[in-house]
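This report refers to the structure that appears directly beneath it.
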Amino acid sequence: MTWIDSFRLRARAGSIKEGWAAGSRPGVAFHALPQATLRVRTGGTRKADWPTVVMVCDPPNVLEHFDDVFERLTPHGRVVVFEPPGFGFSCPSASFRFTFDEYLASIENLLRKLDEGPYVLAFTCVWAHIALQIAAKEPGLVARLLLWQSPSWEQQVTWARNVDKKRLLSRPLFGQLATALKPEKIGDGWYRSALAKNRHPDFMPKLEQALQKGAFCCLGSLWQQWFHGYTPSPVKVKQPALVSWGLADRTHARSDKESIASQLSEVKWHSFQHAGHSPELEASQEYCDLLCNWIKEA
């Protein structure tokens with residue numbers, strides 16, 4: 001049933017590229033790839049001692065949530081933030097079926113098209129496993145990994161099923177309808193559960209604005225493809241990694257926070273005491289200081 005999302009969104013790509021989403025912030029552009037047309041924001045100047053930092057918007061967050069991150073990081077070097085296919089304003093192609101391998105291919109293609117490596121992949125949650133695959137496959141393209149809210153794949157699947165205990169997302173057709181008809185309700189529920197307490201009012205206005213302008217959030221299709229019978233190829237990366245956790249994230253309260261270590265050859269750890277699932281946004285000063293200092297250590 002994941003074709004439903006691709007079908008309903010295929011007519012939007014043209015109008016999105018000419019509408020609000022194209023000019024809401026400086027540096028926004030759309031990159032057409034075989035799998036999807038991705039909405040990307042770039043800023044800062046490339047520097048010899050600063051790998052390009054690439055961040056993924058973890059749904060339901062959109063590019064507009066990253067204003068503070070851009071303000072703090074772009075004076076140091078080049079920064080790229082993108083919305084993955086089926087989220088925000090990144091339209092999947094008609095043939096896109098939301099599989100892990102399609103997401104992997106689309107993000108690999110984006111990195112090659114940008115041609116701004118070497119990269120620091122700053123990927124969170126499920127996207128960390130995309131970063132691991134790219135780093136293992138393209139060691140010359142990826143200099144470092146900054147991962148957060150990211151346990152092992154086995155733990156990630158357990159987390160996903162706990163988050164979706166009522167099977168709102170994982171039921172074919174029902175998941176597609178729920179995310180198409182009530183994305184703001186799903187976003188509000190997520191923010192209340194995953195962010196530090198009382199932080200959801202800080203995040204909803206930008207999400208609501210984006211949804212009013214035509215944003216989408218195809219979580220049902222992703223959930224159905226990623227967390228029911230699929231396991232990525234096992235990899236172990238050689239690049240230095242920094243793994244951090246927002247300890248106020250109630251959705252990951254039971255996750256084994258060091259379980260991803262088996263896939264990393266060189267790892268440092270950090271905890272955000274007062275942030276939840278999105279420390280890059282909830283505690284952007286601490287997050288950006290952490291990232292900058294870590295890069296300078298190299």
Side-chain angles (χ1 to χ4, degrees), residues 27 29 31 33 38 40-58 63 66 69-84 100 103-153 232-245 258 260-272 279-281 284-298:
H31 292 266
L33 306 168
L38 300 189
V40 181
R41 183 181 178 188
T42 58
T45 303
R46 293 186 70 185
K47 297 178 181 178
D49 59 348
W50 178 276
T52 301
V53 175
V54 181
M55 303 179 70
V56 57
C57 294
D58 188 32
L63 287 183
F66 284 77
V69 172
F70 267 85
E71 183 179 343
R72 297 181 192 283
L73 288 183
T74 51
H76 298 277
R78 191 68 166 161
V79 179
V80 176
V81 182
F82 69 93
E83 295 166 344
F100 184 97
Y103 276 99
L104 174 60
S106 67
I107 296 171
E108 281 184 311
N109 286 337
L110 175 65
L111 297 178
R112 293 193 188 98
K113 184 177 182 181
L114 292 173
D115 192 24
E116 297 195 42
Y119 297 106
V120 173
L121 299 185
F123 284 23
T124 178
C125 195
V126 299
W127 310 105
H129 294 276
I130 296 283
L132 289 171
Q133 295 290 323
I134 296 173
K137 181 180 177 181
E138 302 281 356
L141 192 64
V142 179
R144 290 179 163 235
L145 296 172
L146 173 55
L147 314 176
W148 63 102
Q149 312 311 106
S150 307
S152 67
W153 184 257
S233 300
V235 295
K236 186 167 186 175
V237 302
K238 297 181 180 179
Q239 295 92 329
L242 174 58
V243 179
S244 63
W245 282 90
E258 296 186 2
I260 202 171
S262 62
Q263 295 182 263
L264 305 170
S265 299
E266 181 183 339
V267 59
K268 294 182 67 174
W269 301 89
H270 181 82
S271 295
F272 295 92
E280 78 280 21
L281 307 178
S284 59
Q285 179 70 67
E286 182 182 355
Y287 174 91
C288 293
D289 288 347
L290 175 71
L291 173 58
C292 292
N293 291 334
W294 182 56
I295 290 176
K296 290 174 182 177
E297 289 175 3

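The analysis underlying the following values was restricted to heavy atoms, covering all of them including side chains, and did not include hydrogens, waters or symmetry mates. Numbering starts at 1 and runs along the sequence shown.
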Provide the closest heavy-atom pair for [X] versus [Y] in the form atom of the first, atom of the second, distance.
X    : Y    : result
A122 : Y287 : CB-OH, 3.5 Å
S106 : L33  : O-CD1, 3.4 Å
H31  : V40  : CD2-CG2, 3.6 Å
P118 : A143 : CB-CB, 4.0 Å
C292 : L73  : SG-CD2, 3.7 Å

- Message: Side chains of T124 and W148 only: does a donor on one sit below 3.5 Å from an acceptor on the other?
- Response: yes
What distance do [X] atom [atom1] and [Y] atom [atom2] have between them, rounded to the nearest 0.5 Å?
X    : Y    : atom1 : atom2 : answer
Q149 : W245 : CD    : CH2   : 5.5 Å
S152 : E258 : OG    : CD    : 12.0 Å
K238 : S265 : NZ    : OG    : 7.5 Å
L291 : L146 : CG    : CG    : 5.5 Å
S150 : W127 : OG    : CH2   : 12.0 Å
L132 : Q239 : CG    : CD    : 9.5 Å

Is the shortest heavy-atom distance from the side chain of [X] to the side chain of [Y] under 4.5 Å?
X    : Y    : value
C57  : V81  : yes
V79  : T42  : no
L147 : L242 : no
Q263 : V237 : no
P151 : I260 : no
I107 : F82  : yes
I130 : Q133 : no
R72  : S284 : yes

Among all residues two or more places apart in sequence or in another chain, which pass the salt bridge (Lys or Arg N to Asp or Glu O under 4.0 Å) test with R41?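 Here the qualifying residues are D67.
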Residue set satisfying salt bridge (Lys or Arg N to Asp or Glu O under 4.0 Å) with E266, at least two apart, ordered chain then number -> none
Mutual orientation of the aromatic rings belonging to W153 and F100 [parallel < 30°, tilted 30-60°, perpendicular > 60°]: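 Correct class here is perpendicular.
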Residues pairing under salt bridge (charged side-chain N to carboxylate O under 4.0 Å, His left out) where one sits in residues 288-298, two or more places apart or in two chains, turn out to be K268-E297
Quiz item: How would you list all residue pairs meeting salt bridge (charged side-chain N to carboxylate O under 4.0 Å, His left out) that involve residues 124-140, not counting sequence neighbours?
Solution: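 The answer is E108-K137, R112-E138.
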- [ ] Tell me, please, which residues at least two apart from T52 pass side-chain contact (heavy atoms from CB on, under 4.5 Å).
- [x]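 Listed in chain order: R46, V54, R78, V80, E116, Y119.
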Test ring-ring contact (aromatic ring centres under 6.0 Å, His included) applied to H270 - qualifying residues, sequence neighbours left out:
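So H270 forms a ring-ring contact (aromatic ring centres under 6.0 Å, His included) with F272.
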Counting only heavy atoms from other residues, nucleotides and ligands, does the tally under 6.0 Å from NZ of K113 exceed 12? yes
